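Notes follow the structure.
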Amino acid sequence: MTQRAAIVSALVVLALLVGGRWALGRGPVDTILVEPGPGMPAASASASPDAPPPSPSSTPGHKPPPKSPKPPKGTGPIETRRLTGSKKIALTFGDGPHPVWTPKVLDLLRQTGVKATFCLVGTEVKQYPALVKRIVREGHTLCNHTWHHELDLGTKPEAEIRANLEATNREIRRAVPGAKIKFFRHPGGMWTAAAVKVSRDLGMTALGWDVDPLDWKKPTADAIRTRVINQARPGSIVLLHDGGGDRAATLAACPGIVSELKHKYGIALLR
């Protein structure tokens, strides 16, 4: 080896040694995060040890699961109406007319200037037609509640459902010729598509509710009032009863219910 070649070899070895020591002594490289602009790919998860893993929706080629469609606003099962459509609340009374409790409920509503919807049972209408006349005369809304409060009516053939509802409507109109019967409420809220279809064919809206104090179980008046006030929200339809048994507790709860709901939301008649 010549002297010149020896010098070149020594310089190469020296460079390798110095470069290796520099590489071994380096600190970690600082990561610079850049917010991606339009058209720029998002930073990968490996760009920073603290970066969260990408969500499935942001992973290329991954389609997020479709969202379940929301039910129409204000509707319940099988498109039954369960809200008023405004801030105001609606009161409904069912299972009447009753010779004792319906007149007292009507007296209270008249004193407080409130209108309500009465869901009438055909057999009760037949016995107390004068009460149906009074309900209509005082400006309340009528609702068909089946002929004899049949909980399983919706499971019957459509022809049987239709015959039941038509018989109830005829009895109501026998008491009040030409009466407008805008709503149908299935006993127990046991809705079926057939019941809703038949009621719609007869020109009635299937009427549900979203506040139920379970007054038919005969809790105390204070319990009924508290449940209604706690469950109520803007647009609620309240389920109460003026028939079907002793409604003393419901009647006693009504002044407080009416007063608080009128003050907080207002009370409107369903149309």
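Keep in mind the model is a prediction, meaning the values are calculated, not measured.
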### Summary
By side-chain contact (heavy atoms from CB on, under 4.5 Å), A223 pairs with (sequence neighbours left out) P219, T220, R227
### With T102 via side-chain hydrogen bond (donor to acceptor under 3.5 Å, both in side chains) - residues at least two apart
D242
### Task
Please list all pairs passing the salt bridge (charged side-chain N to carboxylate O under 4.0 Å, His left out) test where one or both residues lie in residues 262-271, with sequence neighbours left out.
none
### Task
Enumerate the residue pairs fulfilling salt bridge (charged side-chain N to carboxylate O under 4.0 Å, His left out) with a member in residues 164-178, sequence neighbours excluded, ordered by first and then second residue.
E171-R174
### Query
Between atom CH2 of W209 and atom CD1 of I237, what is the distance when rounded to the nearest 0.5 Å?
10.5 Å
### Query
Between I135 and L120, is any pair of side-chain heavy atoms under 4.5 Å apart?
yes
### Task
Check which hydrophobic residues are tied to M190 through side-chain heavy-atom contacts below 4.5 Å, counting indirect links as well, and list them.
L151
### Query
Heavy-atom distance under 4.5 Å between the side chains of C254 and F93, does that happen here?
yes
### Query
Counting only N and O atoms by type, is there a donor-acceptor contact under 3.5 Å from the side chain of T155 to the main-chain atoms of D152?
yes
### Query
In chain order, what residues pass the side-chain hydrogen bond (donor to acceptor under 3.5 Å, both in side chains) check against D210, with sequence neighbours excluded?
R233, S236
### Task
Give a yes or no answer on whether the side chain of R81 reaches the backbone of L83 with a donor-acceptor pair at less than 3.5 Å.
yes
### Task
Report yes if some heavy atom in the side chain of L108 is under 4.5 Å from a heavy atom in the side chain of V114; otherwise report no.
no
### Message
List the residues meeting side-chain contact (heavy atoms from CB on, under 4.5 Å) with V136, not counting sequence neighbours, and say none if there are none.
### Response
L142, V176
### Sub-4.5 Å side-chain heavy-atom contact between L91 and L261
yes
### Task
Go through the structure and list residues passing side-chain hydrogen bond (donor to acceptor under 3.5 Å, both in side chains) with N144, not counting sequence neighbours.
N169
### Query
Taking only residues at least two apart or on different chains, which pairs with a member in residues 88-116 satisfy salt bridge (charged side-chain N to carboxylate O under 4.0 Å, His left out)?
D107-R110, D107-R134, R110-E138
### Task
Kindly indicate whether the side chain of H145, heavy atoms from C-beta on, has any atom under 4.5 Å from the side chain of T168.
no
### Task
Can you tell me which residue pairs pass the salt bridge (charged side-chain N to carboxylate O under 4.0 Å, His left out) test with a partner in residues 177-197, sequence neighbours excluded?
E158-K197, K197-D201
### Message
L131 vs H98, test: side chain to side chain contact (heavy atoms under 4.5 Å, CB included). Steps then yes/no.
### Response
CA-CA 8 Å; L131 289 176; H98 189 282; 6.0 Å; no
## Note on the structure
The side-chain contact (heavy atoms from CB on, under 4.5 Å) partners of A206 (sequence neighbours excluded) come to T80, W191, V196, S199
### Task
Apply side chain to side chain contact (heavy atoms under 4.5 Å, CB included) to F184 and L207, showing your working.
CA-CA 6 Å; F184 163 65; L207 181 60; over 6 Å; no
### Message
Run the side-chain hydrogen bond (donor to acceptor under 3.5 Å, both in side chains) test against T250 and tell me which residues pass, sequence neighbours left out.
### Response
D215
### Task
Say whether, by atom type as modelled, one donor and one acceptor occur between the side chain of T205 and the main chain of F183 under 3.5 angstrom.
no
### Message
If hydrophobic clusters are built from ILVMFWY residues whose side chains come within less than 4.5 Å, do W101 and V238 share one?
### Response
yes
### Query
So, are K156 and E150 salt-bridged, with charged N and O less than 4.0 Å apart?
no
